Peer 1: 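This is the structure I want to talk about, given as structure tokens.
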2 protein chains.
Amino acid sequence: MKITAQEEYGLRCLLQLAQADPESGLPVKEIASREGLSPAYVEKLLRLMGKAGLIHSIRGVHGGYRLTRKPTEISLGDVVRALSSLPSTEEICDRHTGNLEHCVHMSDCSIRSAWTTLTEAVGRFMEQVFIADLIGPERTVAKRLHARIETPFQV
Amino acid sequence: MKITAQEEYGLRCLLQLAQADPESGLPVKEIASREGLSPAYVEKLLRLMGKAGLIHSIRGVHGGYRLTRKPTEISLGDVVRALSSLPSTEEICDRHTGNLEHCVHMSDCSIRSAWTTLTEAVGRFMEQVFIADLIGPERTVAKRLHARIETPFQV
DNA sequence: CTAATACTTGACTAAAAAGTCATGTTTTCG
DNA sequence: CGAAAACATGACTTTTTAGTCAAGTATTAG
């Protein structure tokens, strides 16, 4: 259970766009150099987010990428879904069938309860956090997230 | 952000041990056939959990694997750590440095706040759930987890 | 003491994810 | 109209993760 490379780098690229002038857009090269990534890789990440409708591009000399929506209207969940996927219980059950066609625990699976509980909580978090919330100094952002989502997983 | 195959299958194998007679232990072959996995793969998963000290084995004709601790004393976090790792913020920052030696956001990273918040919540969940909690019918387990962890990520 | 059961290990292969490359298209500046 | 800037894309290579294999060692029943 980890944050994947695509999720991490894709989010960073999107955040660059969110912080750039919304009128002019940002060229791939510029994003790549700001993040220390190869332009080819940044293209690929932007492509994924473009397919998901989060960004669009303008070709030609003064081209570049821009957000299609405001940073207040793009959730962390939107971004992660574009780049890989949020964990979903169905996916786990469908993919992890071992050597058989169906999972042996199909009808009654206690592990499913655990993943569902976890998965739903992670999903809720990701839908409540917006790109706009992630702009600013680290401390400020941390406070903002904690204020928004009080006592996550309270005991 | 997903549950990995190793985490899923490893947990299933451990749960088989938790449900088996603690005196006699369970042979690899038996676990494999109950879960629809290859014996070779089950060996590998058990090896990982053995290294983490969660289980131990007895060789010979009446051998097999057993838990070293009671199911009430093994957390979901213990299992996931043995099989892959819980997401940790340091790991993300160390591994995702792009083409550079250090991450460009080293000194001040707002994304780190988001991953830290999420990561800590997931970690708390995993430490609060024990293998013993996962034994029983799906509905029962679901209720148990929800009762234990009220309104996770409350709005 | 030997055959059968069962764990042990390191090296191997296969599949998926991450990241790159080459080639092409669009737009604008001079 | 070129040349340059910048996006577009499919195929490719590399790396990581998943899963298998072969050749062991330990234990016990007979």
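None of the values given here were measured: they were computed from a predicted structure. The sequence lines fix the lettering, A, B, ..., with proteins before strands; numbering per chain opens at 1.
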Peer 1: Using whole Å, report how far CD of Q6(A) lies from P of dT20(C).
Peer 2: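 After rounding, the reported distance stands at 12 Å.
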
Peer 1: Kindly state which residues belonging to residues 17-53 of chain B come within less than 4.0 angstrom of DNA chain D, counting heavy atoms of the residue only, listed by number.
Peer 2: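 Going residue by residue through residues 17-53 of chain B, the ones with a heavy atom under 4.0 Å of DNA chain D turn out to be S38(B), A40(B), Y41(B), K44(B).
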
Peer 1: Between E127(B) and R81(B), is there a salt bridge with N-O shorter than 4.0 Å?
Peer 2: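 Yes, R81(B) and E127(B) are salt-bridged.
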
Peer 1: Taking the hydrophobic residues Ile, Leu, Val, Met, Phe, Trp and Tyr, and joining any pair whose side-chain heavy atoms are under 4.5 Å apart, which ones share a cluster with V61(A)?
Peer 2: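 Members other than V61(A) - counting any ILVMFWY side chain reachable under 4.5 Å - there are none.
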
Peer 1: Check side chain to side chain donor-acceptor pair (under 3.5 Å) between Q6(A) and all other residues, then give those that pass, not counting sequence neighbours.
Peer 2: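 Testing Q6(A) for side chain to side chain donor-acceptor pair (under 3.5 Å), a comparison that skips the adjacent residues, returns none.
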
Peer 1: Within this structure, what is the NE2-to-P distance between H96(B) and dA17(C), rounded to whole angstrom?
Peer 2: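 Rounded to the whole Å, the gap is 14 Å.
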
Peer 1: Report the hydrophobic cluster partners of V104(B), with the cluster defined as I, L, V, M, F, W, Y residues connected by side-chain heavy atoms closer than 4.5 angstrom, directly or transitively.
Peer 2: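 So far as hydrophobic clustering goes, V104(B) is joined with L100(B).
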
Peer 1: Restricting to pairs with a member in residues 43-57 of chain A, which pass salt bridge (charged side-chain N to carboxylate O under 4.0 Å, His left out), not counting sequence neighbours?
Peer 2: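 Residue pairs passing salt bridge (charged side-chain N to carboxylate O under 4.0 Å, His left out), neighbours aside: none found.
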
Peer 1: Hey, does the side chain of Y9(B) come within less than 4.0 Å of dT17(D)'s phosphate (OP1/OP2), counting only N and O?
Peer 2: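 So the side-chain polar atoms of Y9(B) never come under 4.0 Å of the phosphate oxygens OP1 or OP2 of dT17(D).
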
Peer 1: Is it true that the side chains of E7(B) and S84(B) contain a donor and an acceptor less than 3.5 Å apart?
Peer 2: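 Yes.
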
Peer 1: According to side chain to side chain donor-acceptor pair (under 3.5 Å), who are the partners of E30(B), at least two apart in sequence or on a separate chain?
Peer 2: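 So E30(B) forms a side chain to side chain donor-acceptor pair (under 3.5 Å) with R34(B).
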
Peer 1: Look at S57(A) and dA8(D) and indicate whether a side-chain polar atom (N or O) is within less than 4.0 Å of OP1 or OP2.
Peer 2: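 Yes, within the criterion.
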
Peer 1: Rounded to whole angstrom units, what separation is found between the CG atom of N99(B) and the P atom of dC21(C)?
Peer 2: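 About 10 Å, once rounded to whole Å.
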
Peer 1: Take atom NZ of K2(B) and atom P of dT16(D), then tell me their distance rounded to the nearest Å.
Peer 2: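 In whole Å, dT16(D) P lies 18 Å from K2(B) NZ.
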
Peer 1: Let me know the distance between CG of L83(A) and C1' of dA17(C), rounded to the nearest Å.
Peer 2: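 Going from CG in L83(A) over to C1' in dA17(C) covers 13 Å.
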
Peer 1: Not counting sequence neighbours, which residues clear ring-ring contact (aromatic ring centres under 6.0 Å, His included) with H96(B)? List them please.
Peer 2: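 Partners of H96(B) under the ring-ring contact (aromatic ring centres under 6.0 Å, His included) test: Y9(A).
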
Peer 1: Could you check how far CD1 of I3(B) sits from C1' of dT17(D), rounded to whole Å?
Peer 2: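 The distance from CD1 of I3(B) to C1' of dT17(D) comes to 16 Å, rounded to the nearest Å.
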
Peer 1: What contact category does S84(A) fall into here, base, sugar-phosphate, or nothing, at under 4.0 angstrom with non-hydrogen atoms?
Peer 2: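 It contacts nothing in the nucleic acid.
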
Peer 1: Polar atoms only, N or O, under 3.5 Å: list the protein pairs with nucleotides 25-29 of chain C and their distances.
Peer 2:
| residue | atom | partner | partner atom | Å |
| --- | --- | --- | --- | --- |
| dT25(C) | O2 | R59(A) | NH1 | 3.2 |
| dT26(C) | O4' | R59(A) | NH1 | 2.4 |
| dC29(C) | OP1 | H62(A) | NE2 | 3.3 |

Peer 1: Measuring from the side chain of A5(A) (C-beta onward, heavy atoms only), which nucleotide among dA18(C), dA8(D), dA17(C) has the closest atom?
Peer 2: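 Per side-chain heavy atoms of A5(A), the pick is dA18(C).
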
Peer 1: Let me know, please, whether Y65(B) or T4(A) comes out on the 5' side of the other along DNA chain C by nearest nucleotide.
Peer 2: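 Comparing both residues, the 5'-ward one is Y65(B).
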
Peer 1: Any salt bridge (charged side-chain N to carboxylate O under 4.0 Å, His left out) pairs touching residues 56-74 of chain B, not counting sequence neighbours?
Peer 2: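 Of all non-adjacent pairs touching residues 56-74 of chain B, those that pass salt bridge (charged side-chain N to carboxylate O under 4.0 Å, His left out) are R69(B)-D78(B), K70(B)-E73(B).
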
